[in-house]
Structure formats: structure tokens, C-alpha cells
Undergrad: 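Below you'll find the structure I mean.
FYI, side chains are in, hydrogens and waters are out, and symmetry mates aren't considered; it's all heavy atoms of this structure. Numbering of ligands and ligand atoms starts at 1, following listing order.
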Amino acid sequence: MTSEKRSGTEEVVDMELQCVRCKARMYVPVSQVNAVIASLARTGAAILICVCGQAQIIRSKRKPRHD
Ligand SMILES: [Zn+2]
């Protein structure tokens, strides 16, 4: 078995990304995913921090509007 549980049972959201540095799958705690989504909606991008410390920018797949 390789399943791990951190202290508590905080749920995480799979961001379907891999860290560029350590190749770990990127997950965001449910408690933080709203902030990530809000940042994506507002700026079209958000920053995730991998467990290894590597920061990674994710971008919305939608193109920002320029009216
Ligand atoms: Zn990493």
C-alpha cells in the first residue's frame, strides 16, 4: 500500500498537472481551491506551490476578454 494520509483527513483536488521539478502530481487542498479558482477567474492565472517548494503558474484555458 502506498496510500498516505496527512494529519487530519483534508481532501485535495487533483489539478491534473505535474510539478516541473519533481514530477509530483499537483493537488490543492479543498480549503484553498476556492482561492485558486477566484484567482483564475480574476486574473486568468494562479500559482500553486508543490510539496517540493516549486511554484507553478496555472492558467485558465479560457481566453481573457478584452472588450
Ligand atoms: Zn515538486
Side-chain angles (χ1 to χ4, degrees):
M1 292 284 282
T2 56
S3 64
E4 283 181 54
K5 279 187 181 174
R6 295 191 181 185
S7 59
T9 52
E10 185 169 34
E11 291 186 43
V12 293
V13 176
D14 186 350
M15 301 308 287
E16 300 183 359
L17 285 171
Q18 280 188 322
C19 175
V20 294
R21 187 160 141 196
C22 72
K23 308 298 183 195
R25 190 86 162 175
M26 306 285 281
Y27 295 94
V28 175
V30 167
S31 59
Q32 287 175 32
V33 80
N34 284 339
V36 171
I37 289 169
S39 180
L40 272 174
R42 198 168 61 241
T43 68
I47 294 172
L48 300 181
I49 309 293
C50 178
V51 291
C52 73
Q54 174 69 41
Q56 194 156 300
I57 295 174
I58 58 171
R59 292 180 194 282
S60 172
K61 285 169 186 168
R62 290 184 204 161
K63 291 181 181 177
R65 281 196 194 176
H66 295 290
D67 298 54

Undergrad: Would you check if the side chain of Ser39 reaches a backbone N or O of Ile47 as a donor-acceptor pair within less than 3.5 Å?
TA: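 Checked: no pair found.
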Undergrad: Just grab all the salt bridge (charged side-chain N to carboxylate O under 4.0 Å, His left out) pairs involving residues 11-23, residues at least two apart or on different chains.
TA: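 As it turns out, the salt bridge (charged side-chain N to carboxylate O under 4.0 Å, His left out) pairs with a partner in residues 11-23, which skip direct neighbours, are Asp14-Arg25.
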Undergrad: Give a yes or no answer on whether the side chain of Gln56 reaches the backbone of Val20 with a donor-acceptor pair at less than 3.5 Å.
TA: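 Yes.
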Undergrad: Treat each ILVMFWY residue as a node, draw an edge where side-chain heavy atoms are under 4.5 Å apart, and state whether Met15 and Val30 are in one component.
TA: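 Cluster IDs for Met15 and Val30 match.
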Undergrad: Taking C-beta and beyond as the side chain, do Cys50 and Met26 meet within less than 4.5 Å on heavy atoms?
TA: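 Answer yes - side chains close enough.
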Undergrad: Give me the protein N, O or S atoms that fall under 2.8 Å of the Zn ion (ligand 1), sorted by chain and residue number.
TA: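 Listed by chain and number, the atoms are Cys19 SG, Cys22 SG, Cys50 SG, Cys52 SG.
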Undergrad: Determine whether Ile57 and Leu48 make a side-chain contact, defined as any pair of heavy atoms from C-beta on separated by less than 4.5 Å.
TA: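 Contact flag for Ile57/Leu48 side chains = no.
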